[in-house]
Each structure stands twice: as structure tokens, then as C-alpha cells.
There are 2 protein chains.
Amino acid sequence: MEDRPPVSEPPRGQRSVFVADHVRDLIVSGKLKPGSRISERVLVEKLQISRTPLREAFKVLEGEGLVSIRPNAGATVVALTLEAVEDSLEILIGLESIGAERTVKRATPEAIDEISHLHDQMVAAYEKRELMTYFHLNQEIHQKIIDAAQNEALSRVYAGESARIRRFRFAGNHDVARWERAVLEHTQILDALVRREGPLLREILRAHHLSGWRAARLALEQAPETDA
Amino acid sequence: MEDRPPVSEPPRGQRSVFVADHVRDLIVSGKLKPGSRISERVLVEKLQISRTPLREAFKVLEGEGLVSIRPNAGATVVALTLEAVEDSLEILIGLESIGAERTVKRATPEAIDEISHLHDQMVAAYEKRELMTYFHLNQEIHQKIIDAAQNEALSRVYAGESARIRRFRFAGNHDVARWERAVLEHTQILDALVRREGPLLREILRAHHLSGWRAARLALEQAPETDA
DNA sequence: GAGCGGAACATTGCATGCAAAACCGCATCC
DNA sequence: GGATGCGGTTTTGCATGCAATGTTCCGCTC
């Protein structure tokens with residue numbers, strides 16, 4: 001009666017995944033500042049794991065473009081400029097364009113039902129003003145639309161790029177007017193999806209991302225958090 | 001005089017990179033069969049390194065989609081079906097479409113000169129029937145066209161997907177008639193690039209990849225190497 | 001006082017040890 | 001005869017130790 005498992009310790013076999021998820025959250029949520037060095041020792045103590053899985057997690061995050069590892073000098077949080085975020089966003093929009101056309105052709109009714117259900121949940125979260133829940137459901141919907149295209153490579157690449165710039169896009173959600181408009185746009189997205197109108201879906205998605213980014217960019221320029 | 005450095009041993013600080021490169025080559029070249037399990041012990045002995053950098057390399061390769069790691073069951077080479085390769089190719093074509101439009105707008109004269117130079121080298125390799133040299137220069141040209149768009153995310157994602165399916169596309173290069181046609185197409189590509197005609201470049205690239213893939217697919221279907 | 005050198009300290013890269021999980025083969029039971 | 005449980009072996013996951021590299025700070029020199 002001296003072992004203490006108050007914090008559920010990560011299961012053997014995926015400790016590095018657990019760590020990667022945790023560190024990714026720290027970066028995406030902004031708790032780890034861009035450009036700052038990530039101390040192995042601090043995280044090891046905080047997460048109660050050894051350096052081996054932590055270092056494996058760093059490799060994963062490096063592959064995702066979230067951290068940069070310099071030999072003998074540790075891992076640092078990649079500092080993205082607004083231009084770099086726009087570059088990623090351009091890719092994401094391009095990928096969604098490809099995905100949209102394919103999704104309307106290939107999506108199973110079950111997949112569309114699931115997206116529809118997520119949409120309802122998201123609207124509910126909006127009405128309860130639960131920003132965090134809304135944001136996560138929002139991300140999930142976009143990913144599911146891509147997944148419905150049934151192109152594994154597309155899903156994987158989209159998920160990666162999406163995670164990379166997630167925290168920047170989050171910045172656009174704080175304005176209430178923008179939030180309402182985003183929900184409206186999502187209703188249009190769902191509508192185009194249900195009616196399987198590919199080109200329409202593609203254009204709505206494009207406009208949705210661009211207007212979302214305009215709002216985010218505005219917020220970021222006022223309270224910059226992206227220093228090189 | 002008893003230390004033996006006959007094979008240059010990897011420098012400290014990037015041993016996992018060295019290992020990842022090596023294993024990637026083994027996979028891309030087909031020496032490690034799709035679906036087969038990769039034994040840590042065998043590679044450790046072969047590369048004369050310890051398991052730690054090897055396991056880090058596995059994480060990197062997993063991120064690239066080349067291997068799959070199951071907890072407690074080791075790493076296996078991902079077995080791509082022809083459909084999966086086509087999915088990746090669809091993404092690559094989409095990315096090149098985005099890149100082409102951007103490259104004609106943003107490419108520096110130096111970048112175009114460099115691509116032009118690579119093109120000449122590639123034609124020379126073709127005339128000397130040096131397939132391997134040709135193939136590598138070919139890959140490099142496509143990557144440089146993308147890089148000239150000056151979108152870091154695009155370059156990174158393209159490089160990743162490209163590496164993933166490299167060995168499958170290589171299969172299309174063995175037919176001499178196809179080879180000649182590919183060189184011709186590349187001349188058109190360079191021409192469109194120099195004249196900075198975006199839509200034209202995009203369409204030529206698309207057609208180039210599709211006809212290349214048709215040839216590769218034909219070869220692969222005759223001598224299948226992609227078993228699940 | 002500023003610049004330089006080096007010694008003490010901190011951090012990283014990698015090898016290795018140990019324990020848990022998976023795997024394999026055999027014997028037993030139904 | 002086939003399924004199943006069990007002991008030994010192999011392999012993996014993780015922790016830790018050690019050597020090499022990087023960092024810092026203090027004294028020395030100019």
C-alpha cells in the first residue's frame with residue numbers, strides 16, 4: 001500500500017504515443033512557446049516516464065513538423081510564421097478540394113450519417129457556448145469529410161498538416177460574430193455533402209477556411225504569439 | 001591498431017537518421033519485402049548500432065508511412081496495394097497542381113536555371129542509358145519544381161509522399177518506348193516552366209504522371225511484388 | 001574593462017540491462 | 001485427432017548508466 005497510481009500511468013506498449021500526444025497538446029495549446037527549448041528532464045519528471053519513450057515521441061513530433069531536433073542541442077518547438085501557416089493552409093485547402101470531389105462520389109451513407117451526427121453535436125456545443133468542445137468537433141468533422149473519400153494517403157497527410165497549424169486556427173474562434181458565421185457555413189457544408197454536390201462542397205469549404213483564417217490572422221496580428 | 005573502421009560508422013548525433021536512411025533504402029529498393037517483419041536484432045548486428053537509434057528510426061519511418069509498428073509485435077514493412085499507390089499518386093498530382101501554379105509565379109531565375117541544368121543532365125543520362133542516374137535526376141527535378149513554389153509545407157509533404165511510392169513508380173521506367181516518351185514529356189515540362197505557363201505546366205505534369213503510372217502499373221501487374 | 005580560455009556543470013546520444021509480453025513447441029486432455 | 005494449457009525461448013518496451021557534447025561562468029590576460 002505504498003504504490004501510488006493517482007494519475008493513470010500510460011500502458012506499456014504505447015508510452016511514446018502517450019507522450020507524443022501530451023507534448024503535442026502542450027504545443028497546440030500554446031503552453032510550450034514557439035522557439036523554446038523542450039527540456040527532456042522536465043518532461044520526464046512531469047510525465048513520470050523515462051527518456052527513451054520521450055525521445056521516441058520527439059522523433060514523431062519532428063516528423064509532424066511540430067518540433068525541431070538539433071543533434072546534441074535538444075528539441076525546440078518549431079516557430080511558425082504567419083506565412084508558414086498560410087502555406088500549410090493552402091495545402092489543406094488543396095487537399096480538401098481533392099477530398100471533396102472524391103467524398104461525394106465515394107462516401108458511404110453511414111459516413112455521411114456520422115458526419116451529420118457530429119454536426120448536430122457541434123451545433124449543440126455552439127449553442128451552449130462550449131468553445132473547446134465545438135473546436136474539437138469542428139476538427140473531427142473536417143477530418144471525417146476527408147476520411148469519407150476513402151483515400152488513406154489523403155487522410156494521413158491531411159491529419160498531419162491539420163495538427164500542425166491547429167493552434168493558429170483556434171485563434172479565430174474567439175470572435176462571437178465569426179463563430180456564428182462559421183456554424184452557418186458548416187450547415188451549408190453538410191447540406192452540400194448530403195446532396196453530394198462536389199464542386200459546391202469544394203467551394204464552400206475553400207471559402208470557409210479562408211474566412212476562418214482571416215479571422216484567426218486578425219486575432220494573431222493583434223496578439224502575436226508567433227515569434228521566430 | 002585493433003579498432004576496425006572499414007565501414008564508416010555513423011557519426012554520433014544522427015545515428016537514427018543514418019539508420020532511417022538505410023532502412024528506407026532497403027524498403028524502397030525492395031530488399032525488405034512488403035508485409036515482412038523487420039527484426040531489430042538482425043538490423044542491429046548488420047548496422048553495428050544499438051537498439052535505441054534503431055527504434056527511433058522506426059518511429060520516423062512509421063511517420064513516413066513506410067513501416068507499421070504494432071505494440072509488442074515489432075515493425076513490419078507496410079504492404080501497399082496498387083490502389084493505395086494510386087491514392088498516393090492522386091495526392092502527388094494534386095500537390096503538383098498546386099505547386100505548378102505557384103512555381104510559375106514565384107520561382108527565382110536561379111531555381112529555373114538549376115532545374116534546366118538538371119534536365120540537361122537527365123537527358124544526358126537517358127542518352128547514355130543510365131537508368132539509375134536518370135531516375136534519381138528525374139525525382140530531383142520534380143522535387144525542385146515543387147521547391148521553387150517556395151511553400152515549405154508543400155515541399156515537405158510532397159517529399160514524403162514521393163518517397164513512399166518511389167519504388168513502385170520505378171517499375172515504369174524499364175520500357176524503352178515509355179522512357180523515350182517520358183524524356184519528351186520532360187522537355188515539354190521544362191518549356192512550360194521556362195515560359196511560366198502555369199495551367200499548361202499543371203496539365204503536362206498531370207498527364208506525365210498518369211502515363212508514367214500506366215506503364216508502371218502494367219509492369220507491376222505482370223510481375224506483382226505487392227502482396228498483402 | 002572587454003575578450004578569451006578553460007574547468008565545472010548540465011544535457012544529450014547511445015548502449016545495455018531487466019522485466020513484461022508474445023511466440024513456439026510439446027504434452028495433455030477431451 | 002484436434003484443441004488447449006503450460007514451460008521455455010525469443011522479442012519487445014522501457015529504465016538507466018556512461019561517455020561525448022554543449023553550456024555557463026569565472027579568472028586570466030591584454
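Chain letters run A, B, ... following the sequence lines, proteins first, then strands; residues in each count from 1. Keep in mind it's a predicted model, so treat the numbers as computed, not measured.
- Inter-residue side-chain proximity for B/His209 and B/Arg169 is flagged as met; some heavy-atom pair is nearer than 4.5 Å.
- Where B/Ile38 and A/Ser50 meet DNA chain D, the nucleotide closest to each residue was compared, and B/Ile38 sits on the side nearer the 5' end.
- Under the rule for a salt bridge (Lys or Arg N to Asp or Glu O under 4.0 Å), B/Arg37 has no partner lying at least two apart in sequence or in another chain.
- Using a 4.0 Å heavy-atom cutoff across all strands shown, A/Arg51 reaches at least one base atom of the nucleic acid.
- Under the ring pair (Phe, Tyr, Trp, His ring centres under 6.0 Å) criterion, no residue pair touches residues 61-119 of chain A, with sequence neighbours excluded.
- First and last contacting nucleotides of DNA chain C toward chain B (any atom under 4.0 angstrom from a heavy atom, 5' to 3' order): C/dT12 to C/dA22.
- Residue pairs meeting the salt bridge (Lys or Arg N to Asp or Glu O under 4.0 Å) criterion with at least one partner in residues 111-123 of chain A, sequence neighbours excluded, are A/Glu114-A/Lys144.
- Residue whose closest nucleotide on DNA chain C sits further toward the 5' end, between B/Pro71 and A/Pro71: A/Pro71.
- Under the side-chain hydrogen bond (donor to acceptor under 3.5 Å, both in side chains) criterion, B/Glu86 pairs with B/Trp213, B/Arg217, not counting sequence neighbours.
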Below 3.5 Å between N/O atoms, which protein atoms pair up with nucleotides 5-8 of chain D? Just atom names and distances, please.
none

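- Qualifying side-chain hydrogen bond (donor to acceptor under 3.5 Å, both in side chains) partners for A/Glu56, counting only residues two or more places apart in sequence or in other chains: B/Arg55.
- Each of A/Asn72 and B/Ile69 was matched to the nucleotide of DNA chain D holding its nearest heavy atom; the match closer to the 5' end belongs to B/Ile69.
- Identified under the side-chain hydrogen bond (donor to acceptor under 3.5 Å, both in side chains) test for residues 62-73 of chain B, with sequence neighbours left out: B/Arg24-B/Glu64.
- B/Gln14 places its CD atom 13 Å from the P atom of D/dT21, with the value rounded to the nearest Å.
- In terms of position on DNA chain C, the residue among B/Ile49 and B/Arg37 whose nearest nucleotide sits closer to the 5' end is B/Ile49.
- Shown here are the side-chain hydrogen bond (donor to acceptor under 3.5 Å, both in side chains) partners of B/Ser16, two or more places apart in sequence or in another chain: A/Lys59.
- Scanning for salt bridge (Lys or Arg N to Asp or Glu O under 4.0 Å) contacts around A/Arg41 gives A/Glu45, with sequence neighbours left out.
- When the side-chain hydrogen bond (donor to acceptor under 3.5 Å, both in side chains) test is applied to A/Arg166, the partners found at least two apart in sequence or on another chain are A/Gln139.
- No donor-acceptor pair under 3.5 Å is formed between the side chain of B/Asp87 and the backbone N or O of A/Asn151.
- Near DNA chain C, defined here as any heavy-atom distance below 4.0 Å, the residues from residues 52-67 of chain B are B/Thr52, B/Pro53, listed numerically.
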